[in-house]
Amino acid sequence: MAKRGGFPGGGMPGNMANLMKQAQKMQRQMEEQAKEMETKEFTATAGGGAVEVTMSGTKKITKVKLDEEVVDPDDVEMLEDLIVAAVNEVLEKVDEASAAAMSKFTGGMGGGMPGLF
């Protein structure tokens with residue numbers, strides 16, 4: 001009587017074993033990409049360069065540079081707006097770089113892992 005179900009020899013079929021190897025390779029590559037993002041820095045400016053914000057690939061602000069002329073005690077609100085604009089721009093740059101890195105693995109289909117980068 002023929003045996004039903006299971007796989008000969010009790011192991012994984014060839015396709016499943018290959019899929020597992022590919023998944024492990026992709027995971028290693030994604031981990032390497034995440035480490036690479038940790039070392040990258042991104043910079044954005046606002047107010048024609050009067051405010052400059054530098055951020056790491058892990059979304060930590062590492063530097064804020066202000067031109068003296070933008071520091072006006074009578075117009076603090078303008079300085080605050082420029083800082084917000086520069087921070088938002090640099091965040092977009094980091095997100096775009098992360099998305100571009102993830103598209104290597106997802107084939108441009110999205111479905112990345114939020115919080116990985």
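This structure is a prediction, so every number in the text was calculated from the model and none was measured. Numbering of residues begins at 1 and proceeds along the displayed sequence.
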Quiz item: Within a strict 4.5 Å, meaning less than it, do heavy atoms of the Leu91 and Met55 side chains meet?
Solution: yes
Quiz prompt | Same cluster (ILVMFWY, side-chain, under 4.5 Å), Val71 and Val64 | solution = yes
Practice problem: Supply the atom-to-atom distance Leu19 CG to Met26 CE, rounded to the nearest 0.5 angstrom. | Solution: 10.5 Å
Self-check item: Distance-only polar pair, side chains of Thr54 and Thr43, donor-acceptor under 3.5 Å
Solution: yes
Practice problem: Just jot down the side-chain contact (heavy atoms from CB on, under 4.5 Å) partners of Gln27, sequence neighbours excluded, or say none. | Solution: Glu31
Quiz item: How far apart are the C-alpha atoms of Val53 and Lys63, what are their side-chain angles, what is the distance that settles it, and do they pass the side chain to side chain contact (heavy atoms under 4.5 Å, CB included) test?
Solution: CA-CA 6 Å; Val53 175; Lys63 181 179 175 184; over 6 Å; no
Exercise. Determine yes or no for a side-chain-to-main-chain donor-acceptor pair under 3.5 angstrom, with Asp72 supplying the side chain and Asp74 the backbone.
Key: yes
Quiz prompt | Interatomic distance, Leu66 atom CG to Glu52 atom CD [nearest 0.5 angstrom] | solution = 10.0 Å
Quiz item: Looking only at heavy atoms, which two atoms of Ala86 and Ala44 are closest? And how far apart?
Solution: O-CB, 3.6 Å
Practice problem: Taking the side chain as every heavy atom from C-beta outward, state whether Lys25 and Gln29 have any atom pair closer than 4.5 Å. | Solution: yes
Quiz prompt | 4.5 Å side-chain heavy-atom contact, Met78 and Leu82 | solution = yes
Quiz item: Is the closest side-chain heavy-atom distance between Met37 and Phe42 below 4.5 Å?
Solution: yes
Quiz item: Does any non-hydrogen side-chain atom of Val87 lie less than 4.5 Å from one of Ile61?
Solution: yes
Quiz prompt | CA sep, side-chain torsions, deciding dist, call: Thr45, Lys65, side chain to side chain contact (heavy atoms under 4.5 Å, CB included) | solution = CA-CA 9 Å; Thr45 61; Lys65 182 180 172 191; over 6 Å; no
Quiz prompt | Verdict with reasoning, Glu36 to Lys40, per salt bridge (charged side-chain N to carboxylate O under 4.0 Å, His left out) | solution = CA-CA 7 Å; Glu36 185 178 320; Lys40 290 186 178 184; 3.6 Å; yes
